[in-house]
Structures are given as C-alpha cells and as structure tokens.
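Naming convention: chains lettered A, B, ... in sequence-line order (proteins, then strands); numbering from 1 in each chain.
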2 protein chains.
Amino acid sequence: MKILEHLKSVKTHPTAEMVYNVVKKDIPSITLATVYRNLNCLSEDGKIVKLEINGEFRFDADMGKHQHCVCKKCGKILDVFQKEISEYALKKIKSTDFVPSGVQVIFYGNCKHENKRAKNNKRPEIVKDNSGVKKR
Amino acid sequence: MKILEHLKSVKTHPTAEMVYNVVKKDIPSITLATVYRNLNCLSEDGKIVKLEINGEFRFDADMGKHQHCVCKKCGKILDVFQKEISEYALKKIKSTDFVPSGVQVIFYGNCKHENKRAKNNKRPEIVKDNSGVKKR
DNA sequence: CTCTTATTGATAATTATTATTAATAGATAT
DNA sequence: ATATCTATTAATAATAATTATCAATAAGAG
Ligand SMILES: [Mn+2]
Ligand SMILES: [Mn+2]
Ligand SMILES: [Zn+2]
Ligand SMILES: [Zn+2]
C-alpha cells in the first residue's frame with residue numbers, strides 16, 4: 001500500500017531502489033527485496049507499469065494511456081499524454097502472426113536542461129562523448 | 001566485422017551472448033566481453049540498434065525505421081515494417097521541454113504459436129500463470 | 001623492421017534483480 | 001481471547017547480465 005501510494009504521488013518513474021529509499025522512511029524495517037516483490041506483483045496485477053530504460057526497470061503508477069520521453073543526456077523520463085499516438089499505432093499495425101494487446105512508445109532525445117548548471121542531476125551524465133576518440 | 005556480419009544475417013534480435021555463441025565458431029579465441037564491447041560501439045556509432053526487452057539487451061542490424069512486437073508468452077521479437085507508425089508519433093508529439101530525435105515503438109502481445117505443439121520453442125514459456133494463486 | 005597505439009582475451013568486479021528460508025504478522029477457526 | 005493456519009516479510013544468498021581492468025597481442029605508421 002505504501003509503495004503504491006508513493007508511486008502514485010510522484011511522476012519521476014523511479015527504480016525499485018528509489019522507491020525503497022523513500023518508503024523505508026515510513027517503514028524502516030522494509031527491505032529492498034520486498035519492494036521488488038511488491039512492484040512486480042503490482043505490475044502483474046496491472047496496477048502499475050513496469051518500464052525498461054537504460055538498463056533498469058522503472059515504475060509508473062499512472063495507468064492512463066501515455067508515452068514517455070527519455071533524455072539521452074541526463075536519463076530523465078518525461079510523460080507525454082497524447083493517447084492518439086498509441087491509438088494510431090495499435091489501429092494501424094497489421095501483423096498476420098501477432099496479436100498485440102498494448103503498445104509502448106518511447107521517444108529518445110534531449111530534455112531542456114537548465115544548461116547553466118544542471119540542478120537535479122543525481123546520476124552522472126550518460127552522454128557518450130566521443131570527441132577526441134579517433135577510430136581507425 | 002564478423003559480429004556485424006552475423007547480426008545482418010539474422011532477424012532474431014539476439015542477445016550479446018547469442019551473438020557470441022555464433023561468432024566464436026568463426027573466431028574461437030573471441031570472448032564475451034569483446035562481443036559486448038563491439039556491440040556497444042556499433043550501437044554508439046549508429047550501425048546497429050540496441051533494444052531493451054525482458055531485462056536484457058537485444059541487438060538489431062536492421063537500421064531501417066521499423067517497430068517491434070514482443071510475445072509475452074515466448075519472448076520472441078518480431079519486426080513490423082510500417083514507418084508511418086513511427087513517423088506519426090514523431091510528427092504528433094508536442095513537448096515543450098523535450099526535443100525528440102527518435103522513437104521506439106514496441107507492441108506487446110502474443111505471437112501465433114503453433115498451438116498444437118510448439119515446434120521451435122527453445123526457451124521455456126515466460127507466461128505468468130496465476131491460476132490457483134489467490135490473493136487476499 | 002621498429003615503434004606506437006588500439007584492441008583483445010582473461011578475468012575480476014559491479015549492478016540489478018531474483019531466490020531461499022526462517023521468522024513474523026494476519027487472518028480464521030475454536 | 002487463544003490457538004492454528006497461511007501469506008508475507010526480513011535477511012540474506014544467489015544469479016544473471018553487463019562493465020571494468022589490465023597485461024598481452026595485433027594492427028597501423030614511419
Ligand atoms: Mn509515465
Ligand atoms: Mn528489428
Ligand atoms: Zn536531460
Ligand atoms: Zn510467442
């Protein structure tokens with residue numbers, strides 16, 4: 001309950017560990033494995049969405065049909081609420097040997113950073129700057 | 001070269017390990033780490049696509065704009081070549097604080113298994129059958 | 001052929017996630 | 001209320017995938 005409650009209160013698409021770090025303030029005895037277990041159950045039950053971004057799972061309690069943007073620089077995940085995009089994809093897809101039940105739309109690009117000094121960049125830049133690296 | 005060559009010859013979206021198991025037949029000295037290294041370089045250079053599905057990375061040498069279907073039962077990944085779907089998404093998205101450079105469309109659902117007797121089912125079913133598991 | 005640098009193989013380390021299990025909490029029956 | 005049964009948890013340990021390290025090797029330049 002606390003886990004779902006917390007997930008509903010944020011729009012950051014946290015990892016299991018991020019959820020854990022917040023929820024343990026309320027339930028100090030809770031363990032990371034319990035958070036994982038509950039997040040997985042919730043997503044199997046269709047109460048939350050489990051996303052896979054940059055090598056880790058992210059969780060989202062917003063079950064409305066929406067899309068996501070992932071910043072290639074800072075890794076931030078933003079919501080896009082334009083259900084026509086998902087609907088178009090599902091309406092248009094014609095596959096003889098596959099029956100789709102849902103679609104996931106992820107945009108990759110760059111978010112508008114306060115380019116002066118990134119203020120809420122918790123993790124180091126994911127940008128892969130190859131300048132100066134010469135290939136042969 | 002052998003890695004890229006192999007990737008271009010298949011449409012299975014293999015994992016690094018799958019690529020490794022094939023390429024090592026040609027280059028017995030090759031190591032899994034080298035395969036990972038090269039796959040990552042290739043994807044950074046835009047020569048291949050790196051997908052993230054069911055907790056692991058999948059690689060695809062088909063750089064044409066296309067979409068994917070993931071079977072929730074067997075994990076198989078199928079291609080869909082309908083560029084209008086990705087184009088629609090990119091054209092329609094309006095985000096004030098994000099500049100998209102690409103979009104990834106993944107359909108989830110079920111592929112048409114030869115349900116009489118699955119003939120090329122290499123890996124065990126991923127299906128999560130909760131029948132008989134009562135929640136309280 | 002020698003020198004310099006990039007890439008590899010071998011392996012260790014890391015990270016995220018899942019599995020195990022005895023203990024606990026919660027519900028149910030007495 | 002107390003005993004009993006059962007689902008969930010905490011506390012690990014284990015696993016799986018991926019990345020890092022680094023000495024040895026291969027490739028290119030001169
Ligand atoms: Mn979201
Ligand atoms: Mn493909
Ligand atoms: Zn950003
Ligand atoms: Zn299937």
Checklist entry - Is the shortest heavy-atom distance from the side chain of A:Leu78 to the side chain of A:His68 under 4.5 Å? => result no
Checklist entry - Do any side-chain nitrogens or oxygens of B:Tyr36 fall under 4.0 Å of OP1 or OP2 in D:dT18? => result yes
Checklist entry - A:Ile30 has an atom CD1; how far is it from atom C1' of D:dT8, in whole Å? => result 11 Å
Item to check | d(CD1, B:Ile27; P, C:dT8) in whole Å | outcome: 9 Å
Item to check | Residue-phosphate contact under 4.0 Å: B:Thr34 side-chain N/O, C:dT8 OP1/OP2 | outcome: no
Next on the checklist: Regarding A:Ala33, tell me which of base, sugar-phosphate or nothing describes its non-hydrogen contacts under 4.0 Å with the strands shown.
Outcome noted: base
Checklist entry - Taking 4.0 angstrom as the limit, do B:Glu52 and B:Lys50 come out as a salt bridge? => result no
Checklist entry - For C:dT7, does either OP1 or OP2 sit under 4.0 Å from a side-chain N or O belonging to B:Asn38? => result no
Next on the checklist: In whole Å, I'd like the distance from the CG atom of B:Asp45 to the P atom of C:dT7.
Outcome noted: 11 Å
Checklist outcome for this item: Between CG of A:Leu39 and P of C:dT18 the distance, given in whole Å, is 10 Å
Checklist entry - Among side-chain atoms of B:Asp26 and B:His6, is any donor-acceptor pair under 3.5 angstrom? => result no
Next on the checklist: Over all strands shown, is B:Ser29 touching base, sugar-phosphate only, or nothing at heavy-atom distances under 4.0 angstrom?
Outcome noted: sugar-phosphate
Checklist entry - Can a side chain N or O of A:Arg37 be found less than 4.0 Å away from OP1 or OP2 on D:dT9? => result yes
Checklist entry - Atom CZ of A:Phe57 and atom P of D:dA17: how far apart are they, to the nearest Å? => result 11 Å
Item to check | Heavy-atom donor-acceptor pair, B:Asp60 side chain to B:Asp62 backbone, under 3.5 Å | outcome: yes
Item to check | Whole-Å distance separating the CG atom of A:Leu32 from the P atom of D:dA14 | outcome: 18 Å
Checklist entry - Any side-chain heavy atom of A:Gln104 sitting closer than 4.5 Å to one from A:Leu51? => result yes
Checklist outcome for this item: To the nearest angstrom, the CG-P distance between B:Asn54 and D:dA16 comes to 16 Å
Checklist entry - C:dT17 phosphate, OP1 or OP2: any side-chain N/O from A:Asn40 under 4.0 angstrom? => result no
Checklist entry - Rounded to the Å, how far apart are B:Leu42 CG and C:dT7 P? => result 12 Å
